[in-house]
Undergrad: 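Dumping the structure here so I can ask a few things about it.
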Amino acid sequence: MTPPLLLGVNIDHVATLRNVRGTLYPSPLKAAQLAEDSGADGITVHLREDRRHIRDEDVIALRQSITTHLNLEMANTPEMVAFALKVKPDYVTLVPERREELTTEGGLDVVRYQTALQPSVTALQAAGIPVSLFIESNPAQVAATASLGAKIVEFHTGRYCDQHMAGENTQAELDRLFLAAHQACALGLVVNAGHGLTCENIGPILTLPGLNELNIGHSLISDALFVGLGGAIGRMKQAMTYP
Ligand code: PXP
C-alpha cells in the first residue's frame with residue numbers, strides 16, 4: 001500500500017501579517033496548532049536572512065510546541081546551519097535566497113554550489129537532521145543532490161503553477177517534473193514538492209512518482225481569509241485525495 005501523501009503547512013505569511021503592523025498577532029504558534037488540529041502533517045517555516053516573516057524566537061517556540069514535524073527552510077549560511085543544529089528541526093530544506101526577491105524564485109543550483117553545500121549537508125545529517133534540497137526538475141540537479149548524500153529532494157513547482165495560472169500548456173513542465181521525480185526515486189531520495197500550489201492546480205502534481213509531501217503556504221493562508229485556516233486545510237486535504 002502506498003503511504004498517504006503528507007501536507008506540510010507553511011505558516012510564514014501569518015508572521016508576515018503580524019510583522020507588517022508590529023503587533024503580537026496573528027500568532028504563528030496559534031496558527032501551527034490550528035493547522036495541526038485541522039489535519040496538517042507538518043509545519044514549515046522559512047527563516048530568512050532578513051527575518052521578514054518568521055523570526056528565530058518563532059522557530060524555537062514552534063520546536064517546543066508542535067506535535068507533527070517541523071521543516072525549517074533556510075539558506076546555506078554558517079549562521080543558519082548553527083541555528084538549525086541548536087534548534088533541531090525534524091528536517092531542514094536548503095533554499096536559495098536573495099534579499100530582493102518576493103519569494104523563493106528558483107531552485108538551488110546544487111551542481112554549481114556542491115562544494116559549499118557538502119559540509120552543511122554532512123554536519124546537519126550527522127546531527128540527525130535529514131536535509132532536503134529545493135531544486136528545479138533537472139536531471140543534473142537531481143544527480144548532484146543524490147551525490148551529496150541529501151536524504152530528501154523538494155521539486156520547485158513554481159513554473160508549472162505560473163503556466164497553469166496563465167492558461168498556458170503545462171505538459172512539458174509536468175513531463176520534466178515527472179522524469180525528475182522518477183530519477184530521484186531511483187536514486188533513493190524522498191520526493192517532496194512545493195511552491196505556488198493551490199486546490200485548483202494540484203491535481204497533476206499528485207501523480208509524481210514516490211511523492212511524499214507537499215509544502216504549501218500562500219494559497220492556504222489566502223483561502224483562510226474566506227473559509228478560515230481549518231477550512232482551507234480541509235479543502236486542500238480533500239483536493240490531495242483526488243489525483
Ligand atoms: N517550498 C519551498 C522550498 C518554499 O520556499 C516555499 C515558499 O516559501 C514553499 C514550498 C511554499 O510555497 P507557497 O507559499 O507558494 O505555497
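Position 1 is the first residue of the sequence, and the numbers go up from there. Read the numbers this way: they start at 1 and go in the same order the structure lists the ligands and their atoms. Below, all heavy atoms of this structure are taken into account, side chains as well, without hydrogens, waters or symmetry copies.
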Undergrad: Checking ring pair (Phe, Tyr, Trp, His ring centres under 6.0 Å) against His218, which of His13, His195, His46 comes through?
TA: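 Output: one option passes, namely His13.
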Undergrad: Check this for me - ligand 1, His218, N or O atoms closer than 3.5 angstrom, yes or no?
TA: yes
Undergrad: Of the side chain and backbone of His13, name the one, both, or neither that has a heavy atom under 4.0 Å from an atom of ligand 1.
TA: neither
Undergrad: May I ask you to decide whether Asp90 forms a salt bridge with Arg63, counting only side-chain N to carboxylate O separations under 4.0 Å?
TA: yes
Undergrad: With Thr44, which of Asn215, Asn10, Asp12 fulfils side chain to side chain donor-acceptor pair (under 3.5 Å)?
TA: Asn215
Undergrad: Which atoms of ligand 1 are found less than 4.0 Å from any heavy atom of Asn215?
TA: 10 (C), 11 (C)
Undergrad: So, the side chain of Thr157 versus the backbone of Tyr160: is there a donor-acceptor pair under 3.5 Å, distance only?
TA: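 No, because the side chain of Thr157 does not come within donor-acceptor range (under 3.5 Å) of the backbone of Tyr160.
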Undergrad: Determine whether the side chains of Gln141 and His156 contain a donor N or O and an acceptor N or O closer than 3.5 Å.
TA: no
Undergrad: Looking at ligand 1, is there an atom of it that comes within less than 4.0 Å of some heavy atom belonging to Gly196?
TA: yes
Undergrad: Could you tell me whether Thr93 and ligand 1 have an N or O pair separated by under 3.5 Å?
TA: no
Undergrad: Check each atom of ligand 1 against the heavy atoms of Asn10 and keep those under 4.0 Å away; list them by number with element.
TA: 8 (O)
Undergrad: Report, in ascending order of atom number, the atoms of ligand 1 lying under 4.0 Å from any heavy atom of Glu154.
TA: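 Result: 1 (N), 2 (C), 3 (C), 10 (C).
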Undergrad: Any luck finding a side-chain donor-acceptor pair between Gln163 and Asn169 under 3.5 Å?
TA: no
Undergrad: Checking the N or O distance criterion of under 3.5 Å, is ligand 1 in contact with Gly217?
TA: yes
Undergrad: Is there a donor-acceptor contact under 3.5 Å linking the side chains of Ser219 and Glu200?
TA: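 Checked: Ser219/Glu200 side chains show no N/O donor-acceptor pair below 3.5 Å.
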Undergrad: Of all the atoms in ligand 1, which lie at a distance below 4.0 Å from a heavy atom belonging to Val95?
TA: 3 (C)
